[in-house]
Amino acid sequence: MGRPHVMVIPYPAQGHVLPLMSFSRYLAYQGIQITFINTEFNHNLIINSLSKSSHDDYMGDRIKLVSIPDGLEDSPEERNIPGKLSESVLSFMPTKVEELIERMISERDGPIISCIVADQSLGWAIEVAAKFGIRRAAFCPAAAATMVLGFSIQKLVDDGLIDPDGTPRVNKSIQLCPAMPKMETDKFVWVCLKNRESQRNIFQLMLQNNKSIESTDWLLCNSVYELETAAFGLSPKILPIGPIGWAHSESTSLGSFLPQDRDCLDWLDRQIPGSVVYVAFGSFGFMSKAQLEELAIGLELTKRPVLWVTGSGDQPPLKLVSDRVKLVRWAPQREVLSHRAIGCFVSHCGWNSTLEGAENGIPFLCIPYFADQFINKEYICDVWKIGLGLERDERGMVPRLEVKKKIDEIMGDDGEYKKRAMMVKEIVVKSIAKDGISHDNLRKFVKWIKS
Ligand code: UDP
């Protein structure tokens, strides 16, 4: 018998592909063969972004990258419209994955698939696995609290907080149980009042996914038990294994959609420890030009060195960027956050960024925009108390003076936030060290795959 073989299927967005790639690398190190499924569009981005430098470790033939079409035109803009992508994922990808599995099974020396690990948001992939009688695991790249919110939908309807189509009936702040992050009903992950149809689709999909997940053998979550004790208490089926890929694998750009600019690490080497403000808002460009300008001026007012990732969004106005500011399109974020020069992280609070800041003991300034980012912000500011929210004014804009004031507060002399952030780091490190909960769950999962 050959090596055990796992097929990994992420939702085709950067914040999903990266953690599933980290998970795949971990499994590959344990001697497991991986077939990693990307859409053709993302596959090409990933291959074109792989750096030629020697630091990249592709894991040889242990991780095989395979692609399928996503049914969309060849334009990045189309994929940035959230409704568009999820619609095509649902109508196009399932058949393609089925065809792929059929081909693999029919090949004479083709590998036996020991397990399919599918993104929790791809319930159909779990069902495809079930149809072929393949063992299956769901992987949640978001916080356990976000999953628990999805599992609580019926109760929210029963309690009169939302309509059966997900629309909030009242605007209020709730907690699913004490010690859970507060959630605003009008900011529930599916709520999109400007586009009711899209909201209904997302909401329906969440309900379907909840059902599909019931048949999985494992429900793994890229999180840490001690950081979300209340959420894991509410849904004991969710098993924390995070932060995935931190201690297990050396740096690599495998999975990045944009090439990493590694020069910024040299620039960081030249900065004073703890002095740099790191600014990055993940893979969606959603900040308005006016907001970028306020942010740039606010940062300039702090007179601190800034490393700013522009990503696929607009650039901050260059006239406002002084020589204290290093702009990059895409950074090796995990390495950046572990660099001693970093003092704080101005973030949109995507879950990966949230965990990556937490695992490195970095205090946050939060500007959440949509989806689960509000929940993650509550964890940072209210539950773990390692950051501050940047408050918006009546125009919905974070003004320059707010930026300066909060950065000065976070990086101020008493070091309160840094101290707590270092305590959070310690908790995270313990969880992935020997005898830690994430570590144990990973071991059990690997043992099961090999059994
Ligand atoms: N990221 C990166 N380089 C950058 C900015 C982001 O490698 O310059 C990575 C980051 O480390 C994280 C992911 O992109 O793993 C973004 O995921 P997140 O959940 O934070 O945000 P999303 O893009 O899903 O909104």
Side-chain angles (χ1 to χ4, degrees), residues 10-25 42 45-46 49-51 55-56 76 79-82 85-86 119-121 139-143 145-147 189 221-223 242-246 249 251-265 267-268 276-287 306-313 315-316 326-339 342 345-360 362 364-377 379-380 387:
Y11 183 86
Q14 181 71 97
H16 296 244
V17 169
L18 281 172
L20 270 155
M21 187 61 85
S22 294
F23 188 39
S24 298
R25 287 170 58 78
N42 290 346
L45 290 177
I46 289 170
S49 301
L50 269 177
S51 101
H55 84 277
D56 254 326
R79 285 169 186 78
N80 265 346
I81 309 170
L85 183 63
S86 46
D119 202 302
Q120 167 271 322
S121 60
F139 177 99
C140 172
T146 302
M147 285 226 76
V189 286
C221 181
N222 187 23
S223 181
I244 193 66
W246 186 45
S249 57
S251 78
T252 172
S253 62
L254 183 59
S256 270
F257 293 179
L258 293 171
Q260 290 177 344
D261 180 336
R262 298 188 60 81
D263 289 349
C264 64
L265 297 172
W267 181 85
L268 283 175
V276 174
V277 179
Y278 176 58
V279 182
F281 304 111
S283 52
F284 294 94
F286 41 69
M287 200 170 273
V306 174
L307 173 57
W308 189 330
V309 173
T310 60
S312 45
Q315 294 235 341
K326 171 91 179 151
L327 283 185
V328 294
R329 178 120 188 268
W330 197 247
Q333 179 162 300
R334 267 194 150 146
E335 285 171 84
V336 164
L337 287 169
S338 68
H339 197 287
I342 300 295
F345 184 6
V346 180
S347 170
H348 71 313
C349 308
W351 182 246
N352 294 297
S353 295
T354 301
L355 265 188
E356 290 161 13
E359 76 197 17
N360 286 297
I362 306 294
F364 281 84
L365 286 137
C366 306
I367 319 187
Y369 275 83
F370 65 96
D372 61 337
Q373 294 160 12
F374 298 102
I375 297 180
N376 307 335
K377 182 237 167 193
Y379 267 132
I380 291 170

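Residue numbers count from 1 along this sequence. Whatever order the structure lists ligands and atoms in, that order sets their numbers, starting from 1.
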### Euclidean distance, Gln333 CD relative to Asn360 CG, rounded to 0.5 Å
9.5 Å

### Message
Within this structure, what is the CG-OG distance for the pair Asn352 and Ser22, rounded to the nearest 0.5 Å?
### Response
8.0 Å

### Message
If I take atom CZ from residue Phe257 and atom OG from residue Ser283, how far apart are they, to the nearest 0.5 angstrom?
### Response
7.5 Å

### Query
If you measure from each non-hydrogen atom of Asn352 to ligand 1, which part falls under 4.0 Å: side chain, backbone, both or neither?
both

### Query
What distance separates Phe281 CZ from Ser312 OG, expressed to the nearest 0.5 Å?
12.5 Å

### Task
Tell me, please: is Gln260 in heavy-atom contact with ligand 1, that is, under 4.0 Å?
no

### Query
Going through the checks in order, is the side chain to side chain contact (heavy atoms under 4.5 Å, CB included) test met by Leu85 and Tyr11?
CA-CA 10 Å; Leu85 183 63; Tyr11 183 86; 3.8 Å; yes

#### Entry: The one among Gly282, Ser312, Gly357 that brings a heavy atom closest to atom 16 (C) of ligand 1
Gly282

### Task
Say whether Ala331, considering both its backbone and side-chain N or O atoms, lies within less than 3.5 Å of an N or O atom on ligand 1.
yes

### Task
Run down the list Gln333, His348, Glu356 and name the one with the heavy atom closest to atom 22 (P) of ligand 1.
His348

## Note on the structure
Rounded to the nearest 0.5 Å, the CG atom of Leu355 sits from the CD1 atom of Ile244 at a distance of 10.5 Å

### Query
So is there a nitrogen or oxygen of Ser283 less than 3.5 Å from a nitrogen or oxygen in ligand 1?
yes

### Task
Considering only non-hydrogen protein atoms, determine which one is nearest to atom 20 (O) of ligand 1 and report residue, atom name and distance to 0.1 Å.
Ser353 OG, 2.5 Å

### Task
Using a strict 4.0 Å cut-off to heavy atoms of Leu18, name the atoms of ligand 1 that fall inside it.
9 (C), 13 (C), 14 (O), 15 (O)

### Query
Counting from 1, what ligand 1 atoms have a heavy atom of Trp330 closer than 4.0 Å?
1 (N), 2 (C), 3 (N), 4 (C), 5 (C), 6 (C), 7 (O), 8 (O), 9 (C), 14 (O)

### Residue pair Leu265, Val336: steps toward the side chain to side chain contact (heavy atoms under 4.5 Å, CB included) verdict
CA-CA 7 Å; Leu265 297 172; Val336 164; 4.1 Å; yes

#### Entry: Enumerated ligand 1 atoms positioned under 4.0 Å from heavy atoms of Trp351
19 (O)

## Note on the structure
CG (Leu337) and CD (Glu356) are apart, to the nearest 0.5 Å, by 6.5 Å

### Query
Going by heavy atoms in the side chains, are Phe364 and Asn376 under 4.5 Å from each other?
no

### Query
Which atoms of ligand 1 have any heavy atom of Gly15 under 4.0 Å away?
17 (O), 24 (O)

### Query
Near Gly350, which atoms of ligand 1 are under 4.0 Å from a heavy atom of that residue?
18 (P), 19 (O), 20 (O), 21 (O)

### Task
Would you mind running through ligand 1 and noting each atom that sits below 4.0 Å from a heavy atom of Val309?
8 (O)

